[in-house]
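Data block below; observations after.
Model, not experiment: these values are computed from the prediction. Letters A, B, ... are given to chains in the order of the sequence lines, protein chains preceding strands, and every chain is numbered from 1.
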Amino acid sequence: MPARKLSRREVLKLVGTTTVTGTILAACGGAPTSTQPTQAPANTAAAVNTTTPANTATTAPVATAAAAGPAKIVLMYNANEISDAEIADFNKQYAPLKLERIDTDLVKFFSMVAAGTQVDGIRLQGPNIPAYVTKNVCLDLTDFFANSQELKLDDLMPVNDLFVYKGKRYGMVKDWSPDMSIFINKKLWAAAGVAIPDSPTKMITYQEWRDMSGKLTKKQGDQIIIWGTDFQPLNNFLFWATTTWNPPTTLFSPNFDKLILRGNKDTLDAIKFFTDWEKEKGVPSVIAPAATQGGWSGSDWQAAQASSVQYGYWFSGMAESDKVNGDDVMMMAAPKWGPNYTNPCVSGTGMFLNAKTPNKDAAWKMFQWFMAEEPAHNRAKSGWGVPGLRSLMPLMPQDKPWRKQVYDQVQWEIKNTKVAIMQFTPYTYPDAFTTTWSKYHDQYIKGTMSFDDFVNNVEKEVNAAIQDGISASQ
Amino acid sequence: MQDITRMVRETWHRGKLGTRTRREIRDFYMFTSPWIIGFMLLSLIPLIIGLLTSFTNYDGLNISNIKWLALRNYQRAFESSDLYTSLKNTFVYTLLVVPVGNLFALILANMLNRAMIGRSLFRAIYYLPSILPLAGAIQAWGLMFNMNAGAVNAFLSLFVPGTAINWINEHFVLMLVMFSWWQLGGAMVIYLAGLQGVPEELREAATMDGANSVQVFFSVVLPLLTPVIFFQLVLGIIGSLQILDSAILLYGRTGLSGTTSMPGDLYMYMVYVYSQVFDFQRYGYGVALSWIFFVIVLVLTIILLVTSRYWVYYEVSQEGGTVK
């Protein structure tokens with residue numbers, strides 16, 4: 001049959017239709033997610049829709065997980081936490097798997113999940129896990145861990161329970177820190193004439209610590225030249241919870257449908273203690289901010305303008321500076337609140353795998369590599385966090401006397417304390433708590449709101465967020 | 001556009017179209033279709049989806065069990081004291097930023113429109129802050145005005161040792177207003193262009209009639225600048241009402257993932273919307289707040305447009321032809 005020549009009009013129609021259709025498809029469809037065509041084996045996980053938070057992504061045992069899948073693995077993590085060289089090594093070692101990193105952005109993650117765009121591993125702080133599991137976005141890794149030769153359950157530090165929800169394990173920490181440990185600048189302490197407590201053999205109380213840091217604070221007129229210490233109660237909801245930590249406590253009702261502050265006397269006492277400390281300008285706050293507005297005293301410390309910071313082990317990564325000699329650095333145990341010594345891990349940053357990952361095996365390989373192989377070794381050696389695996393502990397830096405002291409102190413913490421883990425409600429995000437806290441805390445500190453109103457408002461608004469979360473999950 | 005539609009209407013009623021007319025109509029739609037398609041896909045459809053979302057409890061991930069709330073999100077918004085507090089703060093900010101900022105920009109433009117040594121250098125100096133990336137500029141601003149470590153208090157301490165003014169936390173709106181004034185170089189450039197469009201012969205004629213420089217400015221230059229002032233006011237008001245990033249960045253962010261860290265009595269409207277959407281994951285409620293704000297901005301813009309006929313002077317009639 002002879003080919004018919006298209007008329008000019010037909011060509012125009014064809015071009016127009018193709019262009020418009022292409023545009024619509026490109027706009028509406030998800031971005032291509034793999035270099036190989038595949039069905040998404042994890043779709044069964046995404047389809048699970050239940051009012052019970054625990055019933056989330058279906059478990060995919062390693063043996064039955066889809067062996068084939070896209071070669072591409074997308075990891076949502078910060079650039080300063082995984083290097084290009086490490087990624088290149090993975091791609092070489094695990095070829096044909098190909099790892100790609102994108103910046104952490106949890107709002108973007110939600111959009112990607114909604115659009116069906118591939119993202120496999122996601123950076124997350126432990127307290128968020130219950131809420132994420134409730135949203136059906138976390139892959140249940142219980143069986144993966146049970147069968148792993150690299151991530152053995154008995155090698156996991158207890159802090160990894162931050163990623164356990166209702167008995168199922170959804171991830172682990174990349175590293176962690178006993179967050180209430182204190183770094184001190186011995187030179188500034190000596191200049192202030194304050195004797196260093198014989199930590200950890202002599203435990204100091206928070207009241208003693210508050211008095212001590214007051215003596216370490218140096219002022220010129222109304223200006224604070226040297227801070228005694230910095231403690232940031234804003235984020236430390238876990239700390240409030242652990243003030244009544246024996247027996248284990250929570251800030252929530254038994255079924256997690258309410259935040260309880262007003263009915264929790266010990267917690268209220270703790271909040272009052274620290275907000276009074278802020279009001280007397282003993283620690284940075286809205287009425288006496290640190291050098292970094294709204295933030296923390298890290299830059300004050302590095303400029304030798306903070307005698308101490310109560311930030312925990314991870315701070316050892318930046319404890320030395322041009323103005324702070326390592327020989328002057330020392331880590332102390334956390335002060336003691338109440339009858340029991342607690343040193344909670346407040347955030348516990350780690351990773352979970354997306355329930356919709358198209359190749360669970362590949363994603364798990366990447367997870368193991370990130371948590372047990374080269375990146376984990378590099379992190380342990382860096383001094384920015386305590387490893388999540390016991391077996392990696394010897395890699396922690398001990399090359400200098402001050403680093404050895406810090407290492408020994410961490411080992412003492414691990415040996416003598418139980419890391420406090422608090423289960424956050426699955427119906428809202430910790431962000432909702434911290435935003436609400438900021439909203440009223442600063443007004444209270446500035447004196448424009450009473451303590452009762454401050455606490456009542458926080459409780460009321462977080463409970464409204466919890467009710468929204470319950471409604472959205474049913 | 002009007003000609004084309006008239007032509008289409010007339011030829012349609014006549015019942016037949018000539019080849020040339022058909023080609024012109026086809027060309028018209030071919031040239032405008034990319035914009036129309038883009039508008040539909042990227043503006044109209046998202047707007048409709050956004051409007052529908054505002055009637056739901058969408059939280060970003062509950063698409064499978066999303067609930068229709070009808071007007072409950074709007075009701076909740078109007079019952080929230082945060083809405084009124086944030087609106088009040090935003091209007092105060094806008095009232096301080098727009099008129100005063102425009103006045104400063106006009107004065108600067110007028111000064112730099114005169115023949116003087118180093119004129120280009122000063123123009124560049126005043127314009128420079130407005131092209132700095134906001135995130136970096138606001139960080140620098142925050143550091144300068146920090147209570148204990150800032151350069152401003154350090155300078156003041158030379159005169160009164162130990163000066164510790166809590167600029168950012170106690171005078172937050174003022175800090176934002178001053179930051180916006182610091183960046184008025186963009187407005188200055190537009191006023192400068194407007195001033196250079198004023199015909200020299202009009203100034204000369206007024207001078208020859210005995211007008212002094214103040215009279216020339218108020219009777220000749222200012223009326224001719226009113227279209228530029230109107231343009232600046234519309235853009236300035238819309239831009240100021242939408243203040244978000246500089247407020248959040250100046251006050252600082254905190255929490256596990258960098259949440260909005262600001263006392264409720266300092267919320268700007270878009271900060272409130274942002275915190276609801278991104279900290280609480282209340283997408284439906286956040287979009288409802290955005291629609292309420294859209295209506296407020298629309299009403300203000302319409303008021304400005306309606307009143308402009310009484311004070312904006314155009315040399316050319318807006319309906320075509322010269323002003324009578």
Bottom line for A:F110: the part with an atom under 4.5 Å from chain B's heavy atoms is both
Can A:T134 and A:Y427 be counted as having a side-chain donor-acceptor contact under 3.5 angstrom?
no
For the candidates B:G150, B:A149, B:G264, B:P34, which exhibits the highest count of non-hydrogen atom pairs separated by less than 4.5 Å from chain A?
B:G264
Among B:T56, B:N57, B:I66, the residue with the most heavy-atom pairs under 4.5 Å to chain A is B:N57
Sub-3.5 Å donor-acceptor pair from the side chain of B:N65 to the main-chain atoms of A:A472, do we have one?
yes
Contact origin within B:L266 toward chain A - heavy atom pairs under 4.5 Å
side chain
Contacting region of B:F172 [heavy-atom separation from chain A under 4.5 Å]:
neither
Using distance alone, with no hydrogens and no angle criterion, decide if A:N456 and A:D453 have a side-chain donor and acceptor under 3.5 Å apart.
no
Quick one: what part of A:K219 sits under 4.5 Å from any heavy atom of chain B, side chain, backbone, both or neither?
neither
Note: vs chain B, highest number of non-hydrogen pairs under 4.5 angstrom among A:M449, A:Q223, A:Q443 is A:Q223
What is the ring orientation for B:Y274 with B:F278, classed by angle as parallel under 30°, tilted 30 to 60°, or perpendicular over 60°?
tilted
Select one option (side chain, backbone, both, neither) describing which atoms of B:L143 are under 4.5 Å from chain A's heavy atoms.
side chain
Most heavy-atom pairs under 4.5 angstrom with chain A, which of B:S157, B:A164, B:G60?
B:A164
Segment of A:T448 engaging chain B (4.5 angstrom heavy-atom cut-off)
side chain
Relative to chain B, which segment of A:S471 carries a heavy atom at a distance below 4.5 Å: side chain, backbone, both, or neither?
both
Can you say whether B:S33 sits under 4.5 Å from chain A via the side chain, the backbone, both, or neither, judging by heavy atoms?
neither
Does the plane of the ring in B:W182 sit parallel, tilted or perpendicular to the ring in B:F179? Use 30° and 60° as the thresholds.
tilted
Is a salt bridge present between A:D468 and B:R76, judged by a nitrogen-to-oxygen distance below 4.0 Å?
yes
Under 4.5 Å from any heavy atom of chain A - which part of B:Q276
neither
With chain A, which of B:G162, B:G38, B:P161 has the greatest number of heavy-atom pairs at distances under 4.5 Å?
B:G162
Does any backbone or side-chain atom of B:F145 lie under 4.5 Å from a heavy atom of chain A? Answer side chain, backbone, both or neither.
neither
Report which part of B:M262 has an atom under 4.5 Å of a heavy atom belonging to chain A: side chain, backbone, both, or neither.
backbone
Which one wins on heavy-atom pair count under 4.5 Å against chain A: B:I63, B:D59, B:I165?
B:D59
Determine whether the side chains of B:N153 and B:W167 contain a donor N or O and an acceptor N or O closer than 3.5 Å.
yes
Given A:I445, A:T104, A:V113, A:T435, the one with more heavy-atom pairs under 4.5 angstrom with chain B than any other is A:T435
For A:A131, is it the side chain, the backbone, both or neither that has a heavy atom under 4.5 Å from a heavy atom of chain B?
neither
I want to know whether B:Y58 and B:W68 have ring centres closer than 6.0 Å.
no
Take the angle between the ring planes of B:Y272 and B:Y285 and call it parallel below 30°, perpendicular above 60°, tilted in between.
perpendicular
I'd like to check the salt bridge (Lys or Arg N to Asp or Glu O under 4.0 Å) partners of B:D82; sequence neighbours left out, ordered by chain and number.
A:K439
Heavy-atom proximity to chain A below 4.5 Å, by part of B:L61
side chain
Who are the side chain to side chain donor-acceptor pair (under 3.5 Å) partners of A:Y440, not counting sequence neighbours?
A:E461
Quick check on A:K218: does its NZ atom have over 12 non-hydrogen neighbours (other residues, nucleotides or ligands) under 6.0 Å away?
no
